[in-house]
Number of protein chains: 2
Amino acid sequence: MGQALPQHDVYQAIADPSRRRLLRLLTQGEQPLSALSGQFDMSRTAVSKHLRVLREAGLVTERRAGRETRYAFRPEPLAELKDWLAYFEQFWDNKLAMLKHLAETPDEEA
Amino acid sequence: MGQALPQHDVYQAIADPSRRRLLRLLTQGEQPLSALSGQFDMSRTAVSKHLRVLREAGLVTERRAGRETRYAFRPEPLAELKDWLAYFEQFWDNKLAMLKHLAETPDEEA
DNA sequence: ATCATACGAAACCGAATGGTTTCATGTCAA
DNA sequence: TTGACATGAAACCATTCGGTTTCGTATGAT
């Protein structure tokens, strides 16, 4: 039967700086591997592997076009990250919530 | 010379589900290791190591209180994540930006 | 037909990761 | 003072990660 696809999630996908840079590059539009790997110091194969991780996380799609593979950015999975982050935002940019948090945290003595 | 510690960043810190859970737990307030590790299936030592990664990323602080070490959540480093994410938001939740993006992306034929 | 191009698969490698167990140390309690 | 408690350091282990090189195979150009 079908192999388990989502070997990587969005958190793992963005953990690597090269992959974050790939996402940035892809916001410029769909690009083939050769164009992308030209921007990196590493081998084409290494970039290809990074793109696979991003694809597994749903952050890019690939499509064959002739002899090249064109990669495109898919923003949707970042919504999970945004949601995750939203929970924590009350603890730093909402001053009232911050005060509330401090008030509810018992300040025990050493 | 002092050996350079791996010094994890916030992206690596949140890549692990156990560490994300630790952050959640710590939003309830400062807690000693024993209370935290009781919530996990793994050994106390393993949890301690996860907390060190979080501390290296600036996401928690530790402070000795008697014989326990109390860990507290620090939200500040998440701002970097938020900023990073903000760049990409235009590509999915702002419909005008999305249209603009599509318009600027040449739709080449295969 | 031939040949260069664009790419992925596979095998391999060293280092990092996530976990364990064992041990040493500081602290509170009797 | 003796002993239990809370913890971190260290050594160790298997797996994953990020990278390489080599090779196979479509595809497009001549």
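We name chains A, B, ... by the order of the sequence lines, and we start the count at 1 in each one.
Nucleotide D:dG18 holds its C1' atom 15 Å from the CZ atom of A:R21, rounded to whole Å. Here the C1' atom of nucleotide D:dT16 and the CD atom of A:E56 are 13 Å apart, to the nearest Å. Distance OH (B:Y11) to C1' (C:dT17): 21 Å, rounded to an integer number of Å. Atom CZ in A:R52 sits about 14 Å away from atom P in D:dG19, given to the nearest Å. What separates CZ of A:F40 from C1' of C:dC7 is a distance of 17 Å, to the nearest Å. The distance between atom CZ of A:R63 and atom C1' of C:dA6, rounded to the nearest whole Å, is 15 Å. The interatomic distance linking B:M42 (CE) with C:dT21 (C1') rounds to 16 Å, in whole Å. If you measure from atom CG of A:D16 to atom P of D:dT16, you get 18 Å, rounded to the nearest angstrom.
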Measure all distances between protein nitrogen or oxygen atoms and nitrogen or oxygen atoms of nucleotides 4-8 of chain D, and list the pairs falling under 3.5 Å.
unit_1: D:dC5; atom_1: O4'; unit_2: B:R67; atom_2: NH1; d: 3.4
unit_1: D:dC5; atom_1: O2; unit_2: B:R67; atom_2: NH1; d: 3.4
unit_1: D:dT7; atom_1: OP1; unit_2: B:L33; atom_2: N; d: 3.1
unit_1: D:dT7; atom_1: OP1; unit_2: B:T69; atom_2: N; d: 3.3
unit_1: D:dT7; atom_1: OP2; unit_2: B:S34; atom_2: N; d: 2.7
unit_1: D:dT7; atom_1: OP2; unit_2: B:S34; atom_2: OG; d: 3.4
unit_1: D:dT7; atom_1: O3'; unit_2: B:T69; atom_2: OG1; d: 3.1
unit_1: D:dG8; atom_1: OP1; unit_2: B:T69; atom_2: OG1; d: 3.4
unit_1: D:dG8; atom_1: OP1; unit_2: B:Y71; atom_2: OH; d: 2.7
unit_1: D:dG8; atom_1: OP2; unit_2: B:S48; atom_2: OG; d: 2.8
unit_1: D:dG8; atom_1: N7; unit_2: B:R44; atom_2: NH1; d: 3.2
unit_1: D:dG8; atom_1: O6; unit_2: B:R44; atom_2: NH2; d: 3.4

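The aromatic rings of A:Y87 and A:F91 lie perpendicular to each other, with more than 60° between the two planes, well past the 30° mark.
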Run A:E76 and B:W92 through side-chain contact (heavy atoms from CB on, under 4.5 Å) and show every step you take.
CA-CA 7 Å; A:E76 291 84 351; B:W92 91 88; 5.6 Å; no
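Residue A:K49 places no side-chain atom within donor-acceptor reach of the base of C:dG8, judged by atom type and a 3.5 Å distance cut-off alone.
The aromatic ring centroids of B:Y11 and A:Y11 lie 6.0 Å or more from each other.
The side chain of A:H50 places an N or O atom within less than 4.0 Å of a non-bridging phosphate oxygen (OP1 or OP2) of D:dG19. OP1 or OP2 of D:dC17 sits under 4.0 Å from a side-chain N or O of A:H8. Distances shorter than 4.0 Å separate some side-chain N or O of A:Q12 from OP1 or OP2 on D:dC17.
Side chains of A:P32 and A:Y71 form no contact here, defined as non-hydrogen atoms less than 4.5 Å apart.
Within the structure, side-chain hydrogen bond (donor to acceptor under 3.5 Å, both in side chains) contacts touching residues 33-51 of chain A (residues at least two apart or in different chains) are A:R19-A:H50.
When atom types are taken as modelled, the side chain of A:R70 and the backbone of A:E62 share no donor-acceptor pair closer than 3.5 angstrom.
Among residues two or more places apart in sequence or in another chain, the side chain to side chain contact (heavy atoms under 4.5 Å, CB included) test is passed with B:A57 by B:A13, B:L59.
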